[in-house]
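As structure tokens, the structure follows; a few thoughts come after it.
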Amino acid sequence: MTTHSNTPAGWYPDPHGASQTLRYWDGAQWTQHTHQDQQGAGQAQAVQAPPVQQVPQMPQQSAGPDPRVQRQVQQQAGVTGGGAGGGTLFSEPVLVVNQKAKLIELTNEYKVMDQNGNQVGSVTQVGQSAFRKIVRFLWSIDQFMKIRLEIRDAHGQPVMLLTRPGKIFKSRVIVERPDGSPVGEIVQQNMIGKINFAMMVNGQKVGAIKAENWRAWNFAIVDHTENEVARITKTWEGLAKTMFTTADNYVLQIHYQLPEPLLSLVVATALTVDTALKQDARGFG
């Protein structure tokens with residue numbers, strides 16, 4: 001098994017021949033973690049298992065481009081000519097992250113699409129007890145409590161787990177693979193002025209997320225040499241959402257193919273920038 005495969009980490013048909021079983025590929029090798037394929041072997045066969053040097057093909061989506069998503073990407077975020085992607089969270093040059101709008105928000109949920117509106121993943125808050133939901137409903141102290149988010153692919157299989165321990169002043173997000181192996185951390189650097197986060201791997205800084213204004217709506221993502229590699233732009237979610245909910249929408253543009261673990265940290269940042277890194281008090285809910 002080569003350790004130089006370009007296949008992104010994820011769940012794939014078990015190469016050892018187990019029927020209707022998925023095995024986790026960490027980006028370099030097969031792990032011991034398996035998962036029952038709830039969607040059936042027929043659909044899983046559409047995915048190319050490592051070590052094939054191609055991006056896995058996701059199930060074809062029959063619907064055409066969504067003009068609302070295209071408008072969000074091109075007109076609101078100013079992203080044009082993103083190029084074709086591979087149909088996964090780790091192979092698309094543009095990711096559209098739209099939070100599900102709820103008048104009473106007890107669980108954070110996000111839909112992740114490509115630039116044409118095809119769903120490539122989702123983000124769901126996990127591990128909340130009934131007591132925690134009651135506390136969240138009665139008091140606006142959620143940003144000070146522990147948050148766990150599960151990032152899932154288009155099949156609903158987990159690809160990353162993010163944990164933000166309870167905080168008082170500064171946020172810290174721990175990024176892990178589904179098997180518990182560490183990817184890195186996203187650590188808040190300051191409290192005053194334009195907010196900045198460092199992306200850390202084994203104690204070394206591999207990049208940073210830099211807010212471009214004091215409201216922390218738009219972010220430039222740079223590597224360890226301060227070269228911009230990606231950009232997160234908040235897009236307007238509409239008057240009703242703005243006034244009555246805390247739902248936020250973001251567009252991530254990755255400028256070129258990034259190496260691991262920087263790529264995973266960039267994707268993790270974009271998919272959790274609102275819940276794990278930034279929580280405002282806007283809305284009447």
Do V175 and V229 sit in one hydrophobic cluster, given that two such residues count as connected whenever their side-chain heavy atoms are within less than 4.5 Å of each other, even indirectly? yes
Correct closest heavy-atom pair for A154 and Q119 would be CB-O, 4.0 Å
Residue set satisfying salt bridge (charged side-chain N to carboxylate O under 4.0 Å, His left out) with R152, at least two apart, ordered chain then number -> E150
Practice problem: Applying side chain to side chain contact (heavy atoms under 4.5 Å, CB included), run through D153 and V120 and close with a yes or a no. | Solution: CA-CA 6 Å; D153 63 17; V120 295; over 6 Å; no
Smallest heavy-atom separation, Q115 atom then P93 atom, equals NE2-CG, 4.1 Å
Taken to the nearest 0.5 Å, the spacing of L252 CG from T269 OG1 works out to 9.0 Å
Smallest heavy-atom separation, I254 atom then A230 atom, equals CA-CB, 4.0 Å
Nearest heavy-atom contact between R148 and L161 is NH2-CD2, 3.1 Å
Salt bridge (charged side-chain N to carboxylate O under 4.0 Å, His left out) for E226 and K210? Distances and angles first, verdict last.
CA-CA 10 Å; E226 295 295 318; K210 299 184 177 183; 2.5 Å; yes
Review point. Shared ILVMFWY cluster between M200 and V267, side chains joined below 4.5 angstrom?
Key: no
Only one of V123, V183, V173 passes side-chain contact (heavy atoms from CB on, under 4.5 Å) with L162, and that residue is V173
**Asked** Counting only heavy atoms not in H255, do more than 12 sit closer than 6.0 Å to its NE2 atom?
**Response** yes
key: N227, CG: over 12 other non-hydrogen atoms inside 6.0 angstrom   = yes
Interatomic distance, NZ@K205 vs CG@D223, rounded to 0.5 Å, equals 10.5 Å
Donor-acceptor pair, distance only, cut-off 3.5 Å: does the side chain of S91 make one with the backbone of T88? yes
Exercise. Could you check if a side-chain atom of S264 sits within less than 4.5 angstrom of a side-chain atom of R177, using non-hydrogen atoms only?
Key: yes
inquiry  = Please evaluate residues K234 and E212 with respect to the criterion salt bridge (charged side-chain N to carboxylate O under 4.0 Å, His left out), reporting the C-alpha separation (whole Å), side-chain torsions for both, the decisive distance (0.1 Å), and the verdict.
reply    = CA-CA 11 Å; K234 181 175 180 180; E212 297 189 336; over 6 Å; no
- Task: Using a 4.5 Å cut-off on heavy atoms from C-beta on, say whether the side chain of V251 contacts that of V97.
- Result: no
Here the pair of heavy atoms bringing Q257 nearest to F90 is NE2-O, 4.3 Å
Taken to the nearest 0.5 Å, the spacing of Q188 CD from I186 CD1 works out to 12.0 Å
One should read off an interatomic distance between I195 CD1 and K170 NZ, to the nearest 0.5 angstrom, of 9.5 Å
Flag, side chain of W11 to backbone of P158, donor-acceptor distance under 3.5 Å = yes
Closest heavy-atom pair, P165 versus I174, reported as atoms and distance to 0.1 Å, is CG-CD1, 4.3 Å
Rounded to the nearest 0.5 Å, the CD atom of Q253 sits from the CZ atom of R231 at a distance of 8.5 Å
Close side-chain approach of E109 to S122, heavy-atom, < 4.5 Å
no
Check your understanding: For S181 and D179, does a side-chain donor sit closer than 3.5 Å to a side-chain acceptor?
Key -> yes
Item to check | Side chain proximity check, Q125 to I147, heavy atoms < 4.5 angstrom | outcome: yes
| query | Hey, any chance V222 and V206 share a hydrophobic cluster, counting ILVMFWY side chains that come within less than 4.5 Å of each other, even indirectly? | reply | no
Are F219 and V187 co-members of a hydrophobic cluster defined by side-chain heavy atoms under 4.5 Å apart? no
Under 3.5 Å, is there a donor-acceptor pair between the side chain of N116 and the main chain of N118? no
| said: If you apply the rule side chain to side chain contact (heavy atoms under 4.5 Å, CB included), what do you find for L258 with V266, and how did you get there? | reply: CA-CA 9 Å; L258 301 176; V266 169; 3.9 Å; yes
- Item | Q189 side chain vs N196 backbone, donor-acceptor pair below 3.5 Å | no
One should read off an interatomic distance between N218 CG and K194 NZ, to the nearest 0.5 angstrom, of 11.0 Å
Legend entry - Over 12 non-hydrogen atoms of neighbours within 6.0 angstrom of CD in Q204: no
